[in-house]
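Naming convention: chains lettered A, B, ... in sequence-line order (proteins, then strands); numbering from 1 in each chain.
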Amino acid sequence: MKNLFALVDCNNFYVSCERVFQPKLKGKPVVVLSNNDGCVIARSEEAKALGIAMGTPYFQYKDLIERQGVYVCSSNYALYGDMSGRVMSVLAQCVHQIEVYSIDEAFLFLSDTGPVISTEYARQIRVMVKRWTGIPVSIGIGPTKTLAKIASKVAKKKPDCGGVFDITDHSDADQLLDGVPVADVWGVGRQYAKFLNHRGITTALHLKNAPDRWVLKHMTVMGLRMVLELRGISCIPLKTTPAPKKGISVSRSFGKSVEALDNLKEAIATYTTRAAEKLRADHLIASCVTVFLMTNMFSDGPRYANSLTAECPIPTSYTPDLIHLSHQLLERIYRPGYRYQKTGVIFTGLVPEDRIQLNLFTPASSLDRNQELMHTVDRINGRWGSNTIFFAAAGIKQPWRMRRSMVSPRYTTCWDELPVAHAG
DNA sequence: TCTGGGGTCCTAGGACCC
DNA sequence: TCTGGGGTCCTAGGACCC
């Protein structure tokens with residue numbers, strides 16, 4: 001029996017989302033910025049051709065961007081998340097087993113008992129996704145996830161392959177792997193790339209042929225798994241049901257640095273509120289809360305970073321209790337006299353909400369009341385837009401809010417911002 | 001002036017126990 | 001000079017992903 005993986009990868013996903021609703025951006029250089037308009041996190045092909053690199057701070061390109069007329073978008077995750085869901089639901093209709101790997105990627109499992117394994121079928125999937133969502137994708141096929149990943153990169157680069165590349169069809173896969181820089185292998189990041197290059201392992205083929213024991217010693221079992229996958233031995237199975245979450249966190253950099261404890265408390269209350277919403281959406285309660293804060297680690301000036309974790313008296317998803325706890329933690333790590341750049345909250349020890357352990361002093365009825373209150377708040381905010389009801393602790397003016405100066409409308413998730421079609 | 005956010009997994013080393 | 005051995009659990013830190 002033959003089993004294969006296909007990796008479906010949306011091309012320049014965030015840029016493609018913007019282009020679906022702003023067709024004037026087609027064929028033009030476009031970049032999408034991270035939160036706070038910090039760095040470039042997506043680029044159109046035209047922007048890549050101008051030499052704009054991934055992850056580089058926006059301000060470094062301001063001149064180039066102005067000179068070349070590059071169109072700039074602040075990131076709009078409400079839009080991208082919604083578009084992602086649409087792409088994934090099309091894919092789910094095409095195969096029996098799918099792993100949604102990230103906002104813009106999914107692995108499909110192809111076996112000869114399921115849908116037909118063929119580049120022809122993959123091309124049909126591609127056309128369907130484009131027609132139904134407007135998003136262009138590339139598809140790579142291989143005997144392991146790692147090889148499917150490599151194949152998808154080839155699919156993007158080869159002009160004549162129609163967006164689909166099957167590495168198992170390739171007459172000389174080794175020659176192909178020799179053309180792939182080792183840094184492009186899934187699982188090889190900056191540190192390993194430096195280490196490997198230093199030792200003469202510069203291509204995917206070199207890594208494939210590296211001795212097992214040496215790899216195990218220097219790159220742990222993760223490295224060995226990568227090598228075996230390059231050899232066509234599948235070690236990383238498809239995860240069709242998402243693993244239960246281990247943590248939920250919300251953090252943001254400030255639009256400009258913050259010194260006052262009161263402002264930090266507003267920010268922490270805001271992030272805690274958001275994180276608690278996520279908890280309840282997943283029907284979870286948190287046993288532990290961590291709060292962290294830090295100054296800007298890039299700038300000169302005095303630096304300070306700290307974090308503190310505490311256990312909840314009883315695991316909960318009740319926003320007021322969580323804000324109370326995170327404020328206590330913040331006050332304990334706050335030091336006056338620093339210009340803070342970022343703070344955040346992390347919930348861990350997540351358990352399903354129906355497994356709540358009562359303690360002796362908390363009557364069950366008050367928990368029910370709290371739960372009902374939160375449920376009502378979530379429903380109202382879900383219906384009328386987030387922050388229709390909010391906690392006073394989050395503040396109103398929020399001078400610390402992040403920058404998002406060039407954000408596009410929430411075309412698909414907000415009634416007031418639907419795209420408008422003009423006749424004639 | 002201006003450098004994202006939210007996750008995962010693995011390992012080494014310390015604490016603790018018998 | 002010279003301080004057991006082996007297991008488990010937890011945490012911090014480091015690597016990675018998109």
Could you walk me through whether R401(A) and T270(A) pass the side chain to side chain donor-acceptor pair (under 3.5 Å) test, one step at a time? CA-CA 10 Å; R401(A) 274 228 169 252; T270(A) 304; 5.2 Å; no
Indicate, with a heavy-atom threshold strictly under 4.0 Å, whether [X] touches base, sugar-phosphate, or nothing.
{"X": "R225(A)", "answer": "sugar-phosphate"}
{"X": "Y58(A)", "answer": "nothing"}
{"X": "K149(A)", "answer": "sugar-phosphate"}
{"X": "D37(A)", "answer": "nothing"}
{"X": "I248(A)", "answer": "sugar-phosphate"}
{"X": "E105(A)", "answer": "sugar-phosphate"}
{"X": "K256(A)", "answer": "nothing"}
{"X": "K239(A)", "answer": "nothing"}

Identify the residue among H324(A), E277(A), R280(A) that makes a side chain to side chain donor-acceptor pair (under 3.5 Å) with T319(A). R280(A)
Restricting to ring pair (Phe, Tyr, Trp, His ring centres under 6.0 Å), what partner residues turn up for Y338(A), sequence neighbours left out? Y304(A)
How would you list, by chain and number, every residue that makes a ring pair (Phe, Tyr, Trp, His ring centres under 6.0 Å) with Y101(A), sequence neighbours excluded? F107(A), W186(A)
Below 4.0 angstrom, which residues in [range] have at least one non-hydrogen atom near DNA chain B?
{"range": "residues 296-310 of chain A", "value": "N296(A), F298(A)"}
{"range": "residues 201-220 of chain A", "value": "T220(A)"}
{"range": "residues 46-55 of chain A", "value": "none"}

If one requires at least 3 consecutive Watson-Crick or G-U pairs with distances under 3.5 Å, the stems of DNA chain B turn out to be B:5-18 with C:5-18
For the residue pair [X] and [Y], confirm or rule out a side-chain donor-acceptor distance under 3.5 Å.
{"X": "D82(A)", "Y": "T413(A)", "result": "no"}
{"X": "S408(A)", "Y": "N76(A)", "result": "yes"}
{"X": "N12(A)", "Y": "S44(A)", "result": "no"}
{"X": "N35(A)", "Y": "S253(A)", "result": "no"}

Judged by each residue's nearest nucleotide on DNA chain B, which is more toward the 5′ side, R403(A) or A243(A)? R403(A)
Check this for me, if you would: do K265(A) and E331(A) make a salt bridge, where the nitrogen-to-carboxylate-oxygen distance has to be below 4.0 angstrom? yes
Within residues 173-188 of chain A or reaching into it, pairs that qualify as salt bridge (Lys or Arg N to Asp or Glu O under 4.0 Å) - sequence neighbours excluded: D174(A)-K208(A)
Which pairs pass salt bridge (Lys or Arg N to Asp or Glu O under 4.0 Å) with one or both residues in residues 54-70 of chain A, sequence neighbours excluded? none
Of all residues at least two apart in sequence or in a different chain, which pass the salt bridge (charged side-chain N to carboxylate O under 4.0 Å, His left out) check with R252(A)? none
Donor-acceptor pairs are to be reported for all side-chain atoms of residues 216-225 of chain A against protein atoms at under 3.5 Å, with residues two or more places apart or in another chain.
{"from": "H218(A)", "atom 1": "ND1", "to": "W214(A)", "atom 2": "O", "distance (Å)": "3.1"}
{"from": "H218(A)", "atom 1": "ND1", "to": "W214(A)", "atom 2": "NE1", "distance (Å)": "3.4"}
{"from": "T220(A)", "atom 1": "OG1", "to": "M222(A)", "atom 2": "N", "distance (Å)": "3.2"}

Aromatic contact, Y80(A) with Y77(A) (centres under 6.0 Å): yes
Between which nucleotides of DNA chain B, read 5' to 3', does contact with chain A run, using atoms under 4.0 Å from its heavy atoms? dC2(B) to dT11(B)
Applying side chain to side chain contact (heavy atoms under 4.5 Å, CB included), name anything that partners T144(A), two or more places apart in sequence or on another chain. T146(A), L147(A), E229(A), S234(A)
